[in-house]
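Whatever order the structure lists them in is the order used to number ligands and atoms, beginning at 1.
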Amino acid sequence: MFKMTGNLKSVLSSPNIQKREKNIIALGGDGIGPLVVNATCNLLEKLNLKGLRIQKMPCGESAIQTHGNAFPDNTRDAVDKADAILFGATEESAIQVLAYLRWGLGNFANIRPIKYFKGMDTALKTDLVENVNYAFVRETTQGMYAAAGKEGKLRKLIRKGLIYETDIQRWTKKATYALRIVSPQATDRIGRVACDLCEKRKNEGIGKGLLEIVCKPNVLRLQDNMFINRIKKIAKEDYPILKVETYIVDDFARRLIRYPDYHDTIVIPNMMGDILSDEAAEIVGGLGVAGSGVYGSEIPYFEPTHGSAPAVLDRTNYAGEPVANPIATIISAILMLEYLGYVSEAKKLMKAIENTLIGGLYPKSNWKFLPRDAVPTQYRKEGKFGSTEDVSNKIYEEYRKLS
Ligand code: IPM
Ligand code: MG
């Protein structure tokens with residue numbers, strides 16, 4: 001199941017496209033996870049896609065309550081037999097669940113598209129936002145996450161001869177360390193997925209063939225220069241059509257805001273990608289419209305970039321209904337449909353989201369079907385926006401109109 005090389009054909013599209021049945025396991029998880037995943041599953045059921053089967057399984061805090069385990073054995077068995085996973089979010093037990101979905105299955109390439117939908121309310125008041133359409137390719141298994149359980153006291157490093165007693169004096173005894181691990185193989189495989197995606201975007205006329213490598217080589221001289229040099233070499237040798245640029249992460253964080261419509265395919269280490277993809281989501285209107293897919297194995301998983309958002313769970317609209325925006329999860333499902341070979345349906349569903357959100361330009365007549373993030377501040381204060389179900393029903397209605 002675990003693949004060491006990132007090759008677009010095997011990573012971004014299912015090896016089982018020809019199979020008659022495609023089995024999806026939906027893992028709602030915690031917080032708003034079940035709400036947005038259920039709304040997305042209902043929508044997918046209504047689309048009536050040939051061969052698509054969806055089964056819901058427990059994970060996260062609720063699974064601890066019912067099964068004594070955040071990732072119960074029967075959930076794992078179902079996941080192992082699935083063609084793809086639709087995942088919501090988890091709270092405290094996130095790492096336990098992700099441990100299986102990322103390291104257990106071998107999903108290492110987190111693709112996070114950042115696309116502006118006309119009608120969304122964004123904090124960045126510039127026309128340039130209209131043209132924002134790029135993608136992060138974030139590594140998900142290495143860096144600070146590779147040894148997440150191995151943080152410790154500095155004393156341990158003295159015993160191992162890695163630092164000296166004098167260093168401890170400088171930092172005090174209470175100081176701790178964390179490890180950041182990056183392997184050449186993991187760098188190459190994420191580099192290849194990024195090059196493949198960049199080439200695909202160029203061929204489809206979405207991107208301009210620009211690969212942006214982002215990390216911190218001026219401080220992490222060994223690791224991040226390796227990251228840059230190996231990916232540059234892969235691009236040069238195997239993807240000569242691509243233009244490659246490299247950026248230092250702090251400068252790049254600024255550029256996302258300063259030059260919002262410049263970017264194309266951004267390849268970035270794990271934690272830096274986690275942070276910048278949240279920043280970038282805000283440029284196009286927030287985490288409510290930020291979907292993602294994590295690829296690498298034959299069982300990739302698709303999840304909204306947002307987490308369990310307990311505060312949003314308490315929020316309701318004028319009718320007292322739950323209002324978490326399902327669009328990030330529906331976009332994740334679109335990536336899943338593309339992966340499984342439902343390409344024209346995926347395109348249509350994206351168009352249906354566009355046609356729904358464009359209503360944000362005329363909130364007076366459309367607010368009942370719009371997510372909270374697409375209505376003006378005054379409307380938000382008055383609870384004048386759609387519920388989770390209202391939004392997904394509207395998307396379905398728009399989808400049907402396209403048929
Ligand atoms: C994400 C999340 C996770 C991560 C957390 C929940 C561990 O922030 O998927 O973006 O950091 O990878
Ligand atoms: Mg995150």
Return all side-chain donor-acceptor pairs below 3.5 angstrom for residues 313-320, not counting sequence neighbours, or 'none' if the list is empty.
from: N317; atom 1: OD1; to: A319; atom 2: N; distance (Å): 3.1
from: N317; atom 1: OD1; to: G320; atom 2: N; distance (Å): 3.3
from: N317; atom 1: OD1; to: E321; atom 2: N; distance (Å): 3.0
from: N317; atom 1: ND2; to: F385; atom 2: O; distance (Å): 3.0

Proximal atoms of ligand 1 relative to R138 (non-hydrogen, under 4.0 Å): 1 (C), 4 (C), 9 (O), 10 (O), 11 (O), 12 (O)
Nearest neighbour in protein (non-hydrogen) for atom 11 (O) of ligand 1: Y145 OH, 2.5 Å
Ring center gap for F302 and Y295 short of 6.0 angstrom: yes
Spacing of I64 atom CD1 and N69 atom CG [to the nearest 0.5 Å]: 7.5 Å
L105 side, atom CG; Y100 side, atom OH - distance, nearest 0.5 Å: 5.0 Å
Distance from atom 6 (C) of ligand 1 to nearest protein heavy atom, with residue and atom: A94 CB, 3.9 Å
Proximity of E303 to ligand 1 by residue part, where a heavy atom lies under 4.0 Å: side chain
Test log, rule side chain to side chain donor-acceptor pair (under 3.5 Å), inputs T90 and D30: CA-CA 5 Å; T90 36; D30 304 320; 5.2 Å; no
Side-chain heavy atoms of L349 within contact of L43, under 4.5 Å: yes
Shortest protein heavy-atom distance from atom 7 (C) of ligand 1, along with the residue and atom involved: L98 CD1, 3.8 Å
Test of proximity, T305 against ligand 1: N or O pairs below 3.5 Å: no
Backbone or side-chain N/O/S of D274 under 2.8 Å of the Mg ion (ligand 2): yes
Taking atom 2 (C) of ligand 1 as the reference point, the nearest protein heavy atom with its distance: D274 OD1, 3.9 Å
Per-residue contact class, R112 against ligand 1 - non-hydrogen pairs under 4.0 Å: side chain
Residue part near ligand 1, for R102, under 4.0 Å between non-hydrogen atoms: side chain
Salt-bridge contact D238-R192 (side-chain N to carboxylate O under 4.0 Å): yes
